[in-house]
Each structure stands twice: as structure tokens, then as C-alpha cells.
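Some notes on the structure that comes next.
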Amino acid sequence: MAELFELVPWLFYVAVTTVSLLVGSFLNVVIYRLPIMMEREWDAQNIAWQAERAARDWDTPANVASSDSENSDEPQTLPVFNLATPRSACPVCERPIRAVENIPILSYLALGGKCAGCKTRISIRYPAVELLTAVLSLCVALRFGIGWETVVGVGLTWTLVALSGIDIDKQLLPDSITLPLLWTGLALSLLHGQVEASVLFIAPADAVLGAIFGYLAFWSVYQLFKLTTGKEGMGYGDFKLLSALGAWLGWQMLPVIILLSAAVGALFGIAMMLLRRQQQGQPMPFGPWIAAAGYIAMLHGEDLIQWYLSLSGLA
């Protein structure tokens, strides 16, 4: 396959775009379902903890007998809900979505942006996520060319899209994504020198320092902000995401990521307040801006550093 792509390079870019469109469709599922899965897990853990506490506090023969008589019915179990089950369906009419209606972008256009059953308007976000995933992945392929650097770079891109979507919806960056992303970045550094690469597959020392400094950078800001204002300025998921990007791109890219994310986030926040869509003091997800800054740093971080050094006369 690699030889075919070398002979016909455009076929490689078509393959990356096509696969990324399909993955973008799956990312819509992840963005919607993963937070619900986590909430259900938290509820189940809370119920189990309360039951254990009740059993410990009221473990007497009389109470046990009373409890048995009051709770003789079997507890109801929730239906299976994960990334694969149940099948995707219209939230209004609950009509299952057929495979032919789930083709990225094309199905949305063919259906006129409406459910085939009840004609309820389908959110534009679904094809937007698919298109965004494909375009960002194609940019990675064009930047790195045919090789393993594109493969892992596209994988990082898909992960950042999923994290951004979840954070926008729920102001949450799940450990189930950020921590594997961190460990993957560290693991890839072990291949440094064995894989031809210009940005990714960095030296292990750079990856470890990137992970450490990435976490400490936002953790320090968080602690300082909390100490001076008594409020929490960001979540722990932001620390872990920056730590993961540090593991992937190295500690040298952390200043670029931090400055870009802060600048873009601030501009967006100001714009939203001017448009009266964001009230002052209202929490705003910061994960998407960290993700966007990390993506830009992956593609053009070195260029940005050289540009800054040339402006400051240090280059």
C-alpha cells in the first residue's frame, strides 16, 4: 500500500480524507455518548456507595428485615448504552438511522438536513464535525507527507476534535481520553530516531519534560488564581491536556501552545460578550483553545518560533 501511495500520491490524500470523514461521523457519537456513559457510571458508583454506607450504618437484624421487606423487588437495570449500542436514532421520533442515511455529509445533504421520518431538523454540527475532521486531517497529511508521522498526527487530530466537542458541550475533558493521549505521546518518544520524522516522535527527555512542565504550567496558574480570588479558574482536565500535548510535541512547544490558546480564548471570550452570548464571570471551556493551539503548534510551531525570534532580533 505504501508503494502505491508513493507512486500515486494523490490517492494517499484521498484515502486520508475519506477515512477521516468516516471517523468524524464516529466522533459525533463519542462527543454525544461518552459524557452520558460517564454520568451513568458516576450514578452507579454513587448508588453503590450509598448502599454500602447504609448497610454499614444500619446493619442490625431489625433494620435488615425491614430493608428486605421494603426492597423485595429486583432493582431495575438500565439498558445497555455505550459507543456501539443502541443504534443511532432520531431523538424525536426514535426512528433508527439506516446505514445509507449515515454517510458523512452526503446523507445530510440528500436528506435536506432533516430526519427521514419525522422531518425534524438535524443539527448542522454533525456534518460540521465530519468536515472539520477531514479538513484538519488532510492538512496534517499535506504537512508531513506519506509516512508514520502523518498516521500519528492524524490520530492526534481526531482525539483533539473529540475532546473539543465534549468540552464545548459539557465543560469536561475525560480522563479516559486525556490520559491515554499522554501515555501514547510518551510511548511514541521511544521510537525517536527509528522513524523518519520532523516534528513528532520527539526525544524521550523532551517528551517527559513536556509532560511535566505542561501539567505544572496550568496547575501553577490554577493555584495562583485560586489563592488570589478564591475561585477555580480552570479544570484539571486542562492541565492533563496540556501535559499530553507536551508529551507529544516536547517542552519547547509549550510556550507557543500556552500563548496561542490564551490569545485565541481571550479574543473569543471578548467577542462572545460583545455579542451578548457570554456573560462576564460565566465559565467558558478552555479545552478547545488548548487543542487548537496544540494542532497549530504541531503543524507550524517551529515556523512560529523562528518568526518570533526574527521579530525580536534573536534569530
Side-chain angles (χ1 to χ4, degrees), residues 13-41 81-91 96-111 113 115 122-144 150-185 200 237-238 240-241 244-245 248 261 285-296 298-299:
Y13 301 115
V14 170
V16 169
T17 304
T18 303
V19 172
S20 297
L21 280 172
L22 297 173
V23 171
S25 181
F26 174 70
L27 293 183
N28 276 314
V29 177
V30 174
I31 291 169
Y32 173 73
R33 294 195 181 194
L34 184 58
I36 298 176
M37 292 164 54
M38 295 174 64
E39 290 171 1
R40 289 191 174 196
E41 183 179 356
F81 187 89
N82 52 42
L83 297 180
T85 305
R87 284 181 56 189
S88 297
C90 173
I97 298 175
R98 297 178 299 172
V100 71
E101 300 167 355
N102 207 25
I103 302 173
I105 299 180
L106 296 180
S107 292
Y108 182 87
L109 295 175
L111 294 170
C115 171
I122 301 172
S123 173
I124 190 65
R125 189 183 76 172
Y126 294 104
V129 168
E130 295 165 354
L131 182 60
L132 178 66
T133 304
V135 170
L136 294 180
S137 300
L138 178 59
C139 289
V140 172
L142 291 171
R143 167 66 176 83
F144 295 124
T150 289
V151 174
V152 298
V154 166
L156 174 59
T157 301
W158 295 343
T159 307
L160 295 178
V161 170
L163 285 170
S164 298
I166 294 172
D167 202 24
I168 290 172
D169 281 354
K170 300 293 184 179
Q171 295 190 13
L172 172 72
L173 294 171
D175 285 352
S176 57
I177 300 180
T178 55
L179 294 183
L181 186 65
L182 167 63
W183 290 114
T184 301
L200 304 173
D238 297 325
K240 297 168 188 174
L241 177 55
L245 290 173
W248 276 75
S261 60
F286 193 49
W289 314 123
I290 303 174
Y295 177 82
I296 294 172
M298 174 176 64
L299 296 187

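Taking each heavy atom of Pro104 and Leu21 in turn, the nearest pair found is CG-O, 3.5 Å. Closest non-hydrogen pair, Ala291 versus Leu241, comes out as N-CD2, 4.2 Å. What you find for Gly24 and Val129 is that their closest heavy atoms are O-CG1, 3.8 Å. In terms of heavy-atom proximity, Leu299 sits nearest to Cys139 at CD1-CB, 4.3 Å. Of all heavy-atom pairs between Ser261 and Ala293, the closest is N-CB, 3.6 Å. Of all heavy-atom pairs spanning Pro174 and Leu163, the tightest one is CD-CD2, 3.9 Å.
With contacts defined as side-chain heavy-atom distances shorter than 4.5 Å, the pair Phe144/Met298 qualifies. With a 4.5 Å cut-off on side-chain heavy atoms, Ile166 and Ile177 count as touching. Side chains of Val154 and Ser137 form a contact here, defined as non-hydrogen atoms less than 4.5 Å apart. Side-chain atoms of Leu156 and Leu181, non-hydrogen and from C-beta on, do get closer than 4.5 Å to each other. Between Thr85 and Phe81 there is no side-chain heavy-atom pair separated by less than 4.5 Å. Looking at heavy atoms from C-beta onward, Asn28 lies in side-chain contact with Glu130 at the 4.5 angstrom threshold.
Rounding to the nearest 0.5 Å places CD1 of Ile97 at 9.0 Å from CZ of Arg87. For the atom pair Ile31 CD1 and Tyr126 OH, the distance stands at 9.5 Å (nearest 0.5 Å). Interatomic distance, CG of Leu131 versus OG1 of Thr17, reported as 10.0 Å (0.5 Å rounding). In this structure, CG on Leu22 lies 9.5 Å from CG on Asn102, to the nearest 0.5 angstrom. The CG atom of Leu111 sits 5.5 Å away from the CD1 atom of Ile122 when rounded to the nearest 0.5 Å. Here the SG-CD distance, from Cys90 to Glu101, works out to 10.0 Å after rounding to the nearest 0.5 Å.
Applying the salt bridge (charged side-chain N to carboxylate O under 4.0 Å, His left out) test to residues at least two apart or on different chains, none of the pairs has a partner in residues 23-36. Pairs engaging residues 159-177 under the side chain to side chain donor-acceptor pair (under 3.5 Å) rule: Arg125-Asp169, Asp175-Lys240 [sequence neighbours left out].
Under the rule for a side chain to side chain contact (heavy atoms under 4.5 Å, CB included), the partners of Leu106 that lie at least two apart in sequence or sit in another chain are Ile103. Evaluation of the ring-ring contact (aromatic ring centres under 6.0 Å, His included) rule for Phe286 yields Phe218 as partners, not counting sequence neighbours. For the salt bridge (charged side-chain N to carboxylate O under 4.0 Å, His left out) test, no residue two or more places apart in sequence or in another chain qualifies with Arg143. Val23 is linked by a side chain to side chain contact (heavy atoms under 4.5 Å, CB included) to Val19, Leu27, Trp158, counting only residues two or more places apart in sequence or in another chain. Remark: Ala292 pairs with no residue by the side chain to side chain contact (heavy atoms under 4.5 Å, CB included) rule, at least two apart or across chains. Under the rule for a side chain to side chain contact (heavy atoms under 4.5 Å, CB included), the partners of Leu136 that lie at least two apart in sequence or sit in another chain are Leu132, Thr157, Val161, Tyr295.
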| request: Could you give me the CA-CA distance, side-chain angles and deciding distance for Trp248 and Thr184, then say whether side chain to side chain contact (heavy atoms under 4.5 Å, CB included) is met? | output: CA-CA 8 Å; Trp248 276 75; Thr184 301; 3.7 Å; yes
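Remark: Tyr32 OH is loosely packed, at most 12 non-hydrogen atoms of other residues, nucleotides or ligands lying under 6.0 Å away.
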